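Scroll down for the structure; my scribbles are underneath it.
When reading the values below, keep in mind they use all heavy atoms of this one structure, side chains included, and skip hydrogens, waters and symmetry mates. Quick caveat: nothing in here was measured; it's all calculated off a predicted structure.
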Amino acid sequence: MVTRIRGRGLTAIRAYDTVIHVEEVITIRVPKGTRRQLERMAKARHLTVSQLVRRAIDIERMLSTFDEARASLIPIARRKGIFSDEDVFKQIS
């Protein structure tokens with residue numbers, strides 16, 4: 001939907017785009033009883049099991065990205081004499 005408003009030499013355009021979500025379906029096997037645990041956890045958080053699992057996957061991806069960044073930065077920190085959290089604190093304070 002596009003709305004045009006004219007007045008005083010200005011034209012305001014308001015556009016609304018349709019967002020298309022493309023999803024893929026996967027099937028996983030979990031140990032007996034895990035599905036019930038996931039259902040309880042999801043219910044407690046007012047989520048579906050799918051939403052809960054997607055969040056868990058997103059968190060795992062973020063942690064993996066953090067671990068990769070940390071691993072690549074450790075050699076640089078070591079060369080600069082940073083070996084502990086205390087060394088970092090000294091650098092930034």
- line: Rounding to 0.5 Å, atoms CZ (R45) and CG (L52) come to a distance of 6.0 Å
- request: Drop me the distance from I57's CD1 to I28's CD1, to the nearest 0.5 angstrom.
  value: 7.0 Å
R35 and E39 ion-paired at < 4.0 Å: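 Result for this pair is yes, salt bridge flagged.
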- request: Please identify each residue that fulfils side-chain hydrogen bond (donor to acceptor under 3.5 Å, both in side chains) with S84, with sequence neighbours left out.
  value: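 Once residues adjacent in sequence are excluded, the partners of S84 under the side-chain hydrogen bond (donor to acceptor under 3.5 Å, both in side chains) criterion are E86, D87.
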task: Mind checking side-chain hydrogen bond (donor to acceptor under 3.5 Å, both in side chains) for R40 and listing every partner two or more places apart, or none if nothing turns up?
output: none
query: Should F83 and L73 be regarded as members of a common hydrophobic cluster, given that ILVMFWY residues are connected when their side-chain heavy atoms come within less than 4.5 Å of each other, either directly or indirectly?
result: no
query: Under a 4.5 Å side-chain heavy-atom rule over Ile, Leu, Val, Met, Phe, Trp and Tyr, are I26 and V30 clustered together?
result: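 Yes, it is one cluster - the side chains of I26 and V30 are joined through contacts under 4.5 Å.
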- prompt: Taking all non-hydrogen atoms of both residues, which atom of S72 and which atom of P75 are closest, and how far apart?
  reply: O-CD, 3.6 Å
Salt bridge (Lys or Arg N to Asp or Glu O under 4.0 Å) contacts in which one or both residues fall within residues 52-71, not counting sequence neighbours: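 Counting only pairs at least two positions apart or across chains, the salt bridge (Lys or Arg N to Asp or Glu O under 4.0 Å) contacts touching residues 52-71 are D58-R61.
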